[in-house]
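What's counted below: heavy atoms across the whole structure, side chains too, no hydrogens, waters or symmetry copies.
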Amino acid sequence: MRRAPMRVAAAAALLLAAGAPARGQGGGPSFTPEQREEIVGILREALRRDPSILRDALIALEEAETRARGDRAREAIARHAEALFRDPADPVKGNPQGDVTLVEFFDVRCSFCRQLHPALEELLRRDRALRLVLKDLPILGPNSVLAARALLAAQRQGKYAELQDALLRLRGDTTEGVLRAQAERLGLDWARLRREMDDPAIQRRIEANLRLAQALGIEGTPALVIGEQVVPGAVDLPTLERLVAAAREAAAARR
């Protein structure tokens, strides 16, 4: 592929620098109107001759931003590893002593979380050495908060996983009436559950999850944390298996 002359790259750098403060306001270069016009002219001519320059520049910027996001995620995961992977209060599915831990931030009312749920369940069925940590992240309104509080209260009766599965399979909303019907169907003590849903300790756990998600740069649900990366959105089973395999390989290499 034909590339732009070196003078174009230099001109582009100068053009970017031209937006910097004038000398005496931080040391950046300043340009006369004539110099700016010449630089812009060089760039326009180069882009006219080879439009791929702009495409290549945009690809390079996107790749740089992806690398920067990855670096930020790795730093945040390392900084918050205890809260992410080893909080004894968190509900866990799969093998509690598993060699790989996958963390899911989810909202039971999120359609993408409901889409991801069967793939995660199948992954746990296939991989008996996987540990799945669940982080309630109710971001879709009051009924999401209500459902998260119900789940964390159900954990005290040993029924977190069962209620979570039921709520993620719902076609309707998680109103209080629906929560009661699902809880009673699963054999939960509704009166106790409803009382404990208002326990300030449960609200503090939800707030801690929200703060942790913010620290990791998580902006929506579902979001997965595995190894040194944050994976946003619903992914399919083969992708999940590749992520777990890569995390297992990396962990083995560190040992």
Side-chain angles (χ1 to χ4, degrees), residues 77 80-140 144 147-170 174 179 182-183 185-188 193 196-197 201-202 205-206 208-210 212-213 216 218 220-248 250-251:
I77 290 169
H80 299 281
E82 286 296 322
L84 263 173
F85 303 115
R86 294 182 285 277
D87 186 340
D90 283 336
V92 172
K93 283 185 175 180
N95 185 343
Q97 309 302 321
D99 63 343
V100 172
T101 296
L102 174 66
V103 180
E104 181 193 13
F105 288 82
F106 73 97
D107 182 323
V108 291
R109 297 177 67 228
C110 162
S111 60
F112 295 105
C113 298
R114 292 179 177 183
Q115 178 183 323
L116 175 63
H117 182 62
L120 281 174
E121 292 296 300
E122 178 62 18
L123 180 68
L124 290 171
R125 189 187 69 79
R126 294 186 184 187
D127 190 336
R128 299 297 183 177
L130 180 64
R131 177 174 175 264
L132 175 62
V133 172
L134 299 165
K135 299 277 192 182
D136 294 88
L137 193 66
I139 57 175
L140 297 178
S144 291
R149 285 161 48 195
L151 281 170
L152 293 173
Q155 185 183 7
R156 298 180 179 183
Q157 297 185 45
K159 293 282 188 176
Y160 182 100
E162 291 88 341
L163 185 58
Q164 189 223 25
D165 182 69
L167 297 182
L168 283 167
R169 293 178 187 276
L170 276 179
T174 55
L179 291 172
Q182 294 297 324
R185 182 180 65 81
L186 293 169
L188 284 152
L193 183 80
E196 292 182 343
M197 283 169 61
I202 283 179
R205 288 182 62 187
I206 293 172
N209 286 347
L210 290 167
L212 184 57
L216 294 168
I218 291 171
T221 54
L224 303 173
V225 180
I226 183 164
E228 296 183 326
Q229 62 180 317
V230 176
V231 181
V235 294
D236 59 16
L237 180 59
T239 301
L240 288 171
E241 290 178 322
R242 285 195 297 272
L243 289 167
V244 172
R248 186 167 282 134

Say whether, by atom type as modelled, one donor and one acceptor occur between the side chain of [X] and the main chain of [Y] under 3.5 angstrom.
| X | Y | result |
| --- | --- | --- |
| Arg131 | Asp99 | no |
| Arg149 | Met197 | yes |
| Arg86 | Ala83 | no |
| Asn209 | Asp136 | yes |

How many angstroms lie between atom [atom1] of [X] and atom [atom2] of [Y], to the nearest 0.5 angstrom?
| X | Y | atom1 | atom2 | answer |
| --- | --- | --- | --- | --- |
| Leu130 | Thr101 | CG | OG1 | 7.5 Å |
| Leu84 | Lys135 | CG | NZ | 6.0 Å |
| Arg156 | Leu151 | CZ | CG | 13.0 Å |
| Glu122 | His117 | CD | NE2 | 12.0 Å |

Locate the shortest heavy-atom distance separating [X] from [Y]; write the atom from each residue and the value.
| X | Y | value |
| --- | --- | --- |
| Ile77 | Gln229 | CD1-N, 3.5 Å |
| Gly94 | Leu124 | CA-CD2, 3.9 Å |
| Leu170 | Gln182 | CD2-NE2, 3.9 Å |
| Ala247 | Ile226 | CB-CG1, 3.7 Å |
| Leu193 | Ala150 | CD1-O, 3.5 Å |
| Ala148 | Pro138 | CB-CG, 3.8 Å |

Quick one: do the Arg242 and Thr239 side chains pair a donor with an acceptor below 3.5 Å?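 There is such a pair between these side chains.
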With distance as the sole criterion, is a donor-acceptor pair present between the side chains of Asp107 and Thr221 under 3.5 Å?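 Per modelled atom types, Asp107 and Thr221 side chains form no pair under 3.5 Å.
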Given Leu240, Val235, Asp236, the one that forms side-chain contact (heavy atoms from CB on, under 4.5 Å) with Pro238: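 The side-chain contact (heavy atoms from CB on, under 4.5 Å) with Pro238 is passed solely by Asp236 among Leu240, Val235, Asp236.
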What residue among Ile139, Leu210, Leu137 forms side-chain contact (heavy atoms from CB on, under 4.5 Å) with Ile218?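 Passing option: Leu137.
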Over 12 non-hydrogen atoms of neighbours within 6.0 angstrom of CZ in Phe85: yes
Asp127 vs Arg248, test: salt bridge (charged side-chain N to carboxylate O under 4.0 Å, His left out). Steps then yes/no. CA-CA 12 Å; Asp127 190 336; Arg248 186 167 282 134; 3.1 Å; yes
Pairing residues for Pro91 by the side chain to side chain contact (heavy atoms under 4.5 Å, CB included) criterion, not counting sequence neighbours: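 Listed in chain order: Leu134, Gln155, Tyr160, Arg205.
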Check salt bridge (charged side-chain N to carboxylate O under 4.0 Å, His left out) between Glu241 and all other residues, then give those that pass, not counting sequence neighbours.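 Once residues adjacent in sequence are excluded, the partners of Glu241 under the salt bridge (charged side-chain N to carboxylate O under 4.0 Å, His left out) criterion are Arg126.
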